[in-house]
Colleague: 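Dropping a structure here in structure tokens format, bear with me for questions.
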There are 2 protein chains.
Amino acid sequence: MKRSQSTPKSEAARKIDIRGVAAKARVSIATVSRTINHVPTVDPVLAARVWSAVAELNYFPNTQARALVSGKSKLLGLIVSEITNPFFPELIQEFEQVAVERGYEILIGSTNYEKKTIEQCARRMLERKVDGVAVMTFGIEEVLFERFAVDNIPVVFIDAAPSRPLSSVLAVDYRTGIYEGVQHLAVLGHRKIGFITGPLRLRSAEARKAAFLDCLRSTGLKADPAWIIEGDHTLDGGRDAMQKILALPQWPTAIMCSNDMTAIGVQHALFEAKLKVPDDFSLVGFDDIHLAEYTIPPLTTVRMSCKDLALRAVNDLLSHLQDSPAKPEAPSKIITRLIVRQTTGLPKDALADLPGKSTRKKSRE
Amino acid sequence: MKRSQSTPKSEAARKIDIRGVAAKARVSIATVSRTINHVPTVDPVLAARVWSAVAELNYFPNTQARALVSGKSKLLGLIVSEITNPFFPELIQEFEQVAVERGYEILIGSTNYEKKTIEQCARRMLERKVDGVAVMTFGIEEVLFERFAVDNIPVVFIDAAPSRPLSSVLAVDYRTGIYEGVQHLAVLGHRKIGFITGPLRLRSAEARKAAFLDCLRSTGLKADPAWIIEGDHTLDGGRDAMQKILALPQWPTAIMCSNDMTAIGVQHALFEAKLKVPDDFSLVGFDDIHLAEYTIPPLTTVRMSCKDLALRAVNDLLSHLQDSPAKPEAPSKIITRLIVRQTTGLPKDALADLPGKSTRKKSRE
DNA sequence: CTGAAAGCGCTAACAA
DNA sequence: TTGTTAGCGCTTTCAG
């Protein structure tokens with residue numbers, strides 16, 4: 001089995017490492033190291049020999065050894081809520097692209113909202129000595145991230161973060177997009193708008209709900225607490241929440257959702273109940289995942305650019321890493337905006353309401 | 001900045017490493033190593049001291065150093081086609097779970113079907129010294145994986161693999177599921193069934209198509225080449241392919257798709273064309289992603305268990321790693337089976353066809 | 001059963 | 001500019 005070891009053919013079949021390259025190029029390992037790290041002070045002639053040895057041997061450096069000695073793993077952690085929610089793969093893809101461009105690898109952790117898993121993720125990141133972590137799980141117990149501070153590892157959170165050095169926060173401007181959504185609904189004539197939240201212990205689920213309530217108020221509508229249902233940002237959660245609303249004696253005429261998956265779940269609940277979108281209910285999602293364009297009918301939703309999110313996250317992390325001169329504190333928020341598709345329309349009682357201004361009771365069940 | 005270095009407080013504020021633990025526990029670093037690696041021959045008294053030192057210091061070993069010396073990174077590579085296709089996150093989730101259970105971390109690579117990206121992925125895996133790689137991208141240029149053979153890194157492929165040591169293949173039994181699908185359609189009365197393939201350079205897209213053709217034949221139906229359209233396993237691809245079919249003078253009455261995303265794209269194309277599923281077209285997907293249950297109407301599809309796939313992939317890899325005694329060659333195929341939901345029904349011309357057996361022409365456009 | 005010591009492959013002083 | 005050498009934090013002989 002251990003062929004190369006049991007047959008020490010002197011030079012011939014040695015392992016492909018920096019020494020092998022050095023031997024073949026007839027230089028020292030230091031020169032090899034300098035060459036492959038593009039240190040400018042290497043004699044071009046030697047460099048050429050090194051490069052051709054590298055090519056012939058098909059050599060590449062051992063990341064572990066490199067990391068061990070340099071203290072930098074060139075790994076960025078990315079912690080997301082739930083990899084099966086399509087928003088996150090889209091985020092991951094963008095994040096990875098930016099990271100790889102900048103010479104970093106990413107280590108993904110999916111928490112599934114479970115505290116134990118989150119702990120495990122944090123630990124894995126620490127063990128692998130990531131150079132930075134983006135916690136994109138929209139609200140998390142920060143205690144678990146104290147160790148990162150101890151180890152001087154930058155962390156970027158979303159929406160809110162503990163204030164400490166090397167930690168920054170990506171602020172999302174939920175209000176603009178949600179306001180546009182509420183306005184849109186109001187203009188169509190909706191006065192009774194329900195909201196299905198995400199898991200409320202997630203800070204940004206809370207933020208989205210707060211933004212919704214706020215926008216309702218500034219639009220002059222009032223919120224019926226019965227129509228604010230807690231969901232969990234999953235398809236099942238959306239379906240269940242909508243079923244709860246359908247069990248209510250009074251129905252809203254429009255539903256906003258804390259994310260698109262919830263909205264798709266709602267569409268399904270409505271389909272099962274033989275109710276039509278947007279004829280019986282108007283529906284607005286949040287995130288604008290690619291799928292939103294493909295639901296039937298296509299989902300009106302609030303777009304949050306995950307490309308932006310990813311780019312900003314990586315930049316924030318790296319700016320802490322490369323002892324940046326001035327803090328390029330870019331406090332601008334991540335913007336959101338409404339994308340109108342086909343799940344929003346006039347409220348069912350619009351025609352009836354128009355002539356007489358009477359407040360009709362909704363049909364029940 | 002470098003507090004701990006500039007202030008060598010003897011014992012007090014030293015870095016948290018194996019030496020720190022050893023010092024605090026008053027043992028040698030070798031004993032610490034043995035203890036945390038659960039070598040059974042450690043004196044319980046010393047072990048206890050070590051563990052409490054570990055706890056107090058909140059110590060955990062440096063994976064890099066460990067990997068460097070042991071030669072095992074405890075990393076498993078997982079290469080997928082496209083992380084934004086929901087099938088893959090589901091796969092990743094399962095794979096990660098199994099891997100973590102077994103003490104491995106995973107490194108994800110998403111190829112996006114681009115050769116350059118695949119190369120990059122392969123290289124990243126090599127650089128990070130993964131202990132094994134699962135190539136779940138359903139067909140890939142194996143040349144890129146030769147280096148893994150050189151480095152004795154096991155690789156598991158899907159559907160087909162180069163035969164070499166340390167490489168195994170996960171065979172999926174496409175026929176059973178697809179046959180059930182074709183049968184189901186045939187029983188409903190469909191005689192004209194179209195198929196939208198995946199990217200045909202992917203081996204398993206080819207395999208699915210071949211299985212379909214095969215099943216058609218053994219059901220006694222014949223395939224119209226015009227109704228076999230190449231898609232690309234994406235939403236957009238499905239929509240485009242269906243639009244091509246709709247442009248044909250003759251329509252099939254049912255469509256099978258190489259994956260669920262394609263089917264969702266088809267549903268969208270039909271929606272745009274004001275055609276109904278299953279009234280105008282019956283539709284069958286493949287994969288049974290979670291979303292399939294939530295489309296409108298819910299998608300009839302062929303289930304392939306990604307849990308199975310993940311489990312088998314990890315097992316195959318690990319069995320190569322731990323010098324397994326006998327090869328536990330489990331040549332059983334990954335099974336597939338039909339899940340009937342609501343996108344399949346009687347063909348549009350069923351009633352008309354029943355009385356007179358005449359072959360009517362389909363309405364065009 | 002324990003500790004001292006030799007590296008794993010590489011980078012970063014320091015010398016030449 | 002180049003080579004020599006000392007570790008990075010850990011596992012693993014090998015003596016004791």
Side-chain angles (χ1 to χ4, degrees), chain A residues 2 4-5 8 14-50 53-54 57-75 103 126-129 131 151-152, chain B residues 2 4-5 8 14-50 53-54 57-75 103 126-129 131 151-152:
Chain A
K2 308 190 173 187
S4 58
Q5 200 173 350
R14 67 168 311 148
K15 219 181 321 169
I16 305 174
D17 62 3
I18 200 173
R19 267 175 290 265
V21 178
K24 188 165 211 97
R26 287 168 291 128
V27 297
S28 71
I29 61 168
T31 299
V32 176
S33 176
R34 290 190 195 101
T35 306
I36 63 181
N37 287 303
H38 301 102
V39 174
T41 62
V42 181
D43 185 318
V45 178
L46 297 196
R49 289 221 301 269
V50 170
V54 164
L57 260 27
N58 200 351
Y59 164 84
F60 40 81
N62 179 327
T63 320
Q64 330 261 23
R66 217 176 223 195
L68 184 57
V69 57
S70 70
K72 326 260 79 202
S73 64
K74 289 289 189 173
L75 261 181
L126 253 10
E127 282 182 355
R128 295 275 166 191
K129 290 274 181 295
D131 291 341
D151 289 5
N152 282 315
Chain B
K2 307 188 171 187
S4 58
Q5 201 173 349
R14 69 169 306 148
K15 219 181 321 172
I16 305 175
D17 63 2
I18 200 174
R19 267 175 290 265
V21 177
K24 187 161 210 99
R26 286 167 292 129
V27 297
S28 70
I29 61 169
T31 299
V32 175
S33 176
R34 291 192 194 101
T35 306
I36 64 180
N37 287 304
H38 302 103
V39 174
T41 63
V42 181
D43 184 317
V45 179
L46 297 195
R49 289 222 300 269
V50 170
V54 164
L57 260 27
N58 200 350
Y59 164 83
F60 41 81
N62 178 328
T63 320
Q64 330 260 25
R66 214 174 225 196
L68 184 57
V69 58
S70 70
K72 326 259 78 201
S73 64
K74 290 290 189 172
L75 262 182
L126 253 10
E127 283 181 355
R128 294 277 166 190
K129 290 273 181 296
D131 291 342
D151 288 5
N152 283 314

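Please read all numbers here as calculations on a predicted model, not as lab measurements. Note: hydrogens, waters and symmetry copies are ignored here, and every other heavy atom, side chains too, is used. Throughout, a chain's letter reflects where its sequence line sits, starting with A, and its residues are numbered from 1.
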Colleague: What is the distance, rounded to the nearest whole Å, between atom CZ of B/Arg66 and atom C1' of D/dC8?
Modeller: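 Going from CZ in B/Arg66 over to C1' in D/dC8 covers 16 Å.
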Colleague: Can you tell me the distance, in whole Å, between the CG atom of B/Asn37 and the P atom of D/dC10?
Modeller: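 Computing the B/Asn37:CG to D/dC10:P distance gives 11 Å.
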Colleague: Just wondering, do B/Pro61 and B/Ile18 contact through their side chains at under 4.5 Å, heavy atoms?
Modeller: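 They are not in side-chain contact.
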Colleague: Under 4.0 Å, counting only non-hydrogen atoms across every strand here, what does B/Val32 touch: a base, just sugar-phosphate, or nothing?
Modeller: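 Nothing, no heavy atom under 4.0 Å.
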Colleague: If we ignore hydrogens and angles and just use 3.5 Å, is the side chain of B/Ser70 paired with the main-chain N or O of B/Arg66 as donor and acceptor?
Modeller: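 Side chain of B/Ser70 to backbone of B/Arg66: a pair is present.
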Colleague: How many whole angstroms separate atom CD1 of A/Ile18 from atom C1' of D/dT4?
Modeller: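 Taking CD1 of A/Ile18 and C1' of D/dT4, I get 14 Å after rounding.
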Colleague: Check step by step if side-chain contact (heavy atoms from CB on, under 4.5 Å) holds for B/Lys74 and A/Arg128.
Modeller: CA-CA 11 Å; B/Lys74 290 290 189 172; A/Arg128 295 275 166 191; 3.9 Å; yes
Colleague: Rounding to 10°, can you tell me the angle the first-five-pair axis of the helix from C/dC1-D/dG16 to C/dA16-D/dT1 makes with its last-five-pair axis?
Modeller: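 End axes: 40° apart.
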Colleague: So, does A/Asp131 use its side chain to make a donor-acceptor pair with the main chain of A/Ser73 at under 3.5 Å?
Modeller: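 At least one qualifying donor-acceptor pair exists.
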Colleague: How do B/Ala30 and B/Gln64 order along DNA chain D: which one's closest nucleotide is nearer the 5' end?
Modeller: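 Nearest-nucleotide comparison on DNA chain D picks B/Gln64.
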Colleague: Side chain of B/Asp43, heavy atoms from C-beta onward: which of D/dT2, C/dT2, D/dC10 has the nearest atom to it?
Modeller: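 Of all the options, the side chain of B/Asp43 is nearest to C/dT2.
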Colleague: How about B/Ile36 and B/Tyr59: do any of their side-chain heavy atoms sit closer than 4.5 Å?
Modeller: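 Answer yes - side chains close enough.
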Colleague: Could you check how far CG of A/Asp17 sits from P of C/dT11, rounded to whole Å?
Modeller: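 Rounded to whole Å, this separation is 12 Å.
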Colleague: Using a 4.0 Å heavy-atom cut-off across all strands, classify B/Thr31 as base, sugar-phosphate, or nothing.
Modeller: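 Touches sugar-phosphate only.
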Colleague: From CG of B/Asn62 over to P of D/dG7, roughly how many Å is that when rounded to an integer?
Modeller: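 Computing the B/Asn62:CG to D/dG7:P distance gives 18 Å.
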Colleague: Starting from C1' on C/dC8, measure out to CZ on B/Arg128 and report it in whole angstrom.
Modeller: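 After rounding, the gap between these two atoms is 17 Å.
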Colleague: Can you spot which of A/Val54, A/Val42, A/Asp43 makes a side chain to side chain contact (heavy atoms under 4.5 Å, CB included) with A/Thr35?
Modeller: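 Of all the options given, the one that passes is A/Val42.
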Colleague: Count the heavy atoms of every other residue, nucleotide or ligand shown that sit under 6.0 Å from NZ of A/Lys129, and state whether that count exceeds 12.
Modeller: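 Check passes, neighbour count above 12.
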Colleague: Quick check for you: among C/dT11, C/dC1, D/dC10, whose closest atom lies nearest to any side-chain atom of A/Ile29?
Modeller: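 Among C/dT11, C/dC1, D/dC10, the one nearest the side chain of A/Ile29 is C/dT11.
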Colleague: Mapping A/Phe60 and B/Pro44 onto DNA chain C by nearest heavy atom, which one lands closer to the 5' end?
Modeller: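 Nearest nucleotide further toward 5': that of B/Pro44.
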Colleague: Which of the following nucleotides, D/dT2, D/dG9, C/dG9, is nearest to the side chain of A/Val42?
Modeller: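 Among D/dT2, D/dG9, C/dG9, the one nearest the side chain of A/Val42 is D/dT2.
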Colleague: What's B/Ser33 touching, base or sugar-phosphate or nothing? Going by heavy atoms closer than 4.0 Å.
Modeller: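 B/Ser33: base contact, heavy atoms under 4.0 Å.
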Colleague: Please report, rounded to the nearest Å, how far the P atom of D/dG9 is from the CD1 atom of B/Ile36.
Modeller: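 My rounded result for the distance is 14 Å.
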Colleague: Round to a whole Å and report the spacing from NZ of A/Lys72 to P of C/dA12.
Modeller: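 Computing the A/Lys72:NZ to C/dA12:P distance gives 11 Å.
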Colleague: Can you work out whether B/Ala65 or B/Arg34 has the more 5'-proximal nearest nucleotide on DNA chain D?
Modeller: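 The residue mapped nearer the 5' terminus is B/Ala65.
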